[in-house]
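Naming convention: chains lettered A, B, ... in sequence-line order (proteins, then strands); numbering from 1 in each chain. Every value quoted in this text rests on a predicted model; they were computed, and no experiment measured them.
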Protein chains: 2
Amino acid sequence: MAVRLKDIAQDLGLSVVTVSKVLRDHPDIGEETRKRVLKRAKELNYQPNLAARSLITGRTWTIGLVVPDLLHPFFAQIAKELSAEVRKKGYSLFISSSDEDPALEQQEIAQLVARRVDVLVIASSQWTVEGFRRIEEENIPYILLDRQFAGFESNFVGVDDRAVGLLATRHLIEQGCRRIAHVRGPEISTAVGRLEGYRQALAGAQMTPLPGHIVSIGTSGDHRGERGGYEATVKLLSSPQRPDGIFCFNDPVALGAMRALLDAGLRIPEDVAVVGCGNLSYSDFLRVPLSSVDQGSKKIGKAAAAMALKLAHNKTARRPKKELIPPHLVVRASSLRAS
Amino acid sequence: MAVRLKDIAQDLGLSVVTVSKVLRDHPDIGEETRKRVLKRAKELNYQPNLAARSLITGRTWTIGLVVPDLLHPFFAQIAKELSAEVRKKGYSLFISSSDEDPALEQQEIAQLVARRVDVLVIASSQWTVEGFRRIEEENIPYILLDRQFAGFESNFVGVDDRAVGLLATRHLIEQGCRRIAHVRGPEISTAVGRLEGYRQALAGAQMTPLPGHIVSIGTSGDHRGERGGYEATVKLLSSPQRPDGIFCFNDPVALGAMRALLDAGLRIPEDVAVVGCGNLSYSDFLRVPLSSVDQGSKKIGKAAAAMALKLAHNKTARRPKKELIPPHLVVRASSLRAS
DNA sequence: CGCGTTACAGTTATCGTTATAGTAAGGCGG
DNA sequence: CCGCCTTACTATAACGATAACTGTAACGCG
């Protein structure tokens with residue numbers, strides 16, 4: 001069925017090893033022989049059996065990616081970029097989506113570890129770091145994506161979340177907002193970082209969050225956060241001092257927030273300005289186009305790919321490296337007040 | 001480093017083969033031995049080396065998926081569903097995104113073929129079927145997704161595109177539209193099918209497309225179709241008989257169309273009703289929420305997974321099977337006229 | 001002329017698993 | 001007691017490639 005080294009060798013009256021050497025550009029092969037082998041290999045459309053190669057080299061030329069939700073454009077973008085980048089170097093990418101379920105995530109990691117992927121890239125929805133120790137035991141290098149763990153050393157690529165909060169909040173201040181609220185996300189590093197940035201920006205302007213102006217999206221079934229954003233905003237509006245600006249953890253939350261504001265008869269951005277994070281496509285087509293902090297998911301994907309390729313080649317473990325991508329703000333109507 | 005069968009065998013004073021048999025639930029093993037092996041395997045957290053297993057069985061327990069654009073929610077949804085379904089049966093999924101580039105797609109297919117995936121699932125952006133013959137030569141079963149090729153027999157899973165066109169157009173007719181235009185997509189089966197459905201629905205109501213009322217989105221750099229939808233609609237509006245309803249090839253095209261309509265000072269749906277296809281998330285948050293035909297991407301993913309698993313097990317080639325998922329219409333404001 | 005070097009190719013062992021065939025021990029009927 | 005089946009396990013040879021080593025000419029140099 002499939003062509004093997006043996007077939008080429010027999011055709012040309014050479015040994016298997018000689019053919020193998022030619023195809024791997026080994027030096028000690030004569031010009032004549034090399035040409036004959038290459039010609040025949042091409043004719044037969046020879047493709048090496050990667051299972052056999054992996055068996056002896058111990059490398060699989062595969063990389064594993066685990067994300068919480070492939071449907072989320074942020075992760076889809078990263079997956080796409082990562083796949084394209086590593087493909088250029090001959091790697092293929094296993095992708096799996098954990099549905100934000102830590103147990104499922106563990107299973108998928110175990111499966112990829114069993115496949116001996118050369119590198120694992122994980123945007124984890126884990127609460128603890130215990131699972132990562134297991135990967136370390138198997139000596140498989142891995143990279144955490146987007147979400148970090150406090151006090152845990154590891155390779156990491158993600159956006160600078162503090163800068164996200166800073167950018168968004170400073171922008172609202174510049175637009176003249178004086179009572180800026182924050183709808184924060186769950187207890188993961190991204191939400192914590194953005195909250196810190198928010199506080200820092202306020203502090204930089206001699207401001208402080210008003211009581212009740214930091215609300216959290218619940219853990220309602222809707223994991224994208226639209227409903228959470230809606231409900232959190234309803235809560236915000238019942239606060240004694242109504243906010244005139246809201247920085248939302250992400251875009252779906254911001255969409256929910258905007259719906260709540262419009263439902264309450266408020267104008268965006270005149271009464272309340274809104275900024276989200278993620279810069280989802282279609283933001284231009286919304287009822288009120290949404291200002292948003294772009295996380296540079298393409299850059300994150302490229303950076304993760306570069307780091308993964310480096311790890312795949314340096315089998316010797318190095319000190320973990322962190323790479324923070326600077327975010328940038330995309331201003332649209334939802335936060336643009338007449339000056 | 002990693003635990004091998006040999007390690008377990010030596011620990012228990014058994015042969016490698018016996019251990020292997022236990023772990024594969026082979027019948028001719030004594031109860032006592034079986035227990036001891038399972039216990040030790042668990043203790044050592046044994047994971048079989050899949051490369052070695054593949055080498056001898058010829059199966060890799062992997063499935064390859066190639067899509068034109070992973071960022072497109074339709075394909076992301078399918079990828080996610082496919083991954084989840086096949087993972088349950090112990091398969092892992094290679095995913096790659098071809099960027100709508102036929103040459104790149106060929107490369108990615110070649111790479112997956114070289115990896116001897118058990119099944120290939122392809123949403124192709126190819127113009128010819130030549131590439132698929134190569135896959136057949138390698139005896140790898142494959143499934144076409146979403147896009148078919150006229151006169152070419154193959155396994156296929158996708159939406160019933162004629163039904164898409166029928167549903168959307170009949171709905172516009174029911175809403176009282178009398179001059180229904182269609183912004184069609186490129187020369188691929190999905191666009192052709194939807195166009196046929198559109199014509200059929202009109203014919204069923206003794207109507208016929210007015211001259212100039214079928215326009216095509218160009219092949220502008222923007223492959224999502226927003227710009228194409230905008231420009232096509234501008235063209236439509238200059239037609240002597242202005243349409244009062246537009247069925248758009250997909251949602252991005254519809255977004256472009258709606259922007260063009262609003263820019264021209266027209267009201268949606270009072271002056272012109274709009275229906276798209278794809279039912280993207282966030283449709284609820286648009287300036288005018290968009291009516292859309294849902295393609296049932298989840299069902300497509302599940303159906304593709306089921307078919308792939310079947311193909312992976314029946315090594316004997318069968319007659320190609322086609323599976324058409326029925327679409328359904330989601331009515332929102334963009335097409336809902338007061339009755 | 002002998003020795004080392006270079007160019008080229010082949011031999012052998014190995015990766016971890018499974019397919020195939022085989023064997024020892026015990027039971028059972030005749 | 002013999003032959004013949006079961007039961008439970010083992011020995012050996014693959015699978016297709018690569019790593020590490022071994023030969024063998026031919027050639028240059030002192």
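Here the straight-line distance linking atom CG of A:Leu82 with atom OG of B:Ser97 works out to 12.0 Å at 0.5 Å rounding. Atom CD in A:Glu137 sits 11.5 Å away from atom CD1 in A:Ile140 (nearest 0.5 Å). Taking CZ of A:Arg36 as the start and CD1 of A:Ile8 as the end, the distance is 12.0 Å to the nearest 0.5 Å.
To the nearest angstrom, P of D:dG16 lies 12 Å from CD of A:Gln10. Nucleotide C:dC15 holds its C1' atom 9 Å from the CG atom of B:Leu55, rounded to whole Å. As rounded to whole Å, 18 Å separates atom P of C:dT17 from atom CZ of B:Arg59. Put simply, CG on A:Leu14 is 11 Å from C1' on C:dC8, counting in whole angstrom units. Atom-to-atom, NZ of B:Lys6 to P of D:dA11 comes out at 14 Å; the value is rounded to the nearest Å. When the P atom of C:dT17 is taken as reference, atom CG of B:Asp7 falls 9 Å away, rounded to whole Å. With rounding to whole Å, A:Arg4 atom CZ is found 12 Å from D:dA14 atom C1'. Taking atom CD of A:Glu32 as the reference point, atom C1' of C:dA9 lies 14 Å away to the nearest angstrom.
Under the side chain to side chain contact (heavy atoms under 4.5 Å, CB included) test applied with B:Ser96, the options B:Ile109, B:Leu65, B:Val66, B:Leu104 reduce to a single match, B:Val66.
Taking 4.0 angstrom as the limit, A:Thr33 places a side-chain polar atom (N or O) nearer than this to OP1 or OP2 of C:dA9. Regarding contacts with the backbone of C:dT17, a side-chain N or O of B:Tyr46 is found under 4.0 angstrom from either OP1 or OP2.
Between B:Tyr142 and B:Phe152, the angle of the ring planes stays under 30°, which puts this pair in the parallel group of the 30/60° scheme. Between B:Phe94 and A:Phe94, the ring planes lie parallel to each other; the angle is under 30°, not in the 30° to 60° tilted range.
Residue contacts for B:Leu50: at a heavy-atom cut-off of 4.0 Å it reaches no nucleic acid atom on any strand shown.
In the region residues 15-31 of chain B, proximity to DNA chain D at under 4.0 angstrom, judged on heavy atoms, holds for B:Ser15, B:Val17, B:Thr18, B:Lys21, B:Asp28, B:Ile29, B:Gly30.
Counting heavy atoms from C-beta on, the side chains of B:Ser98 and B:Gln107 never come closer than 4.5 Å.
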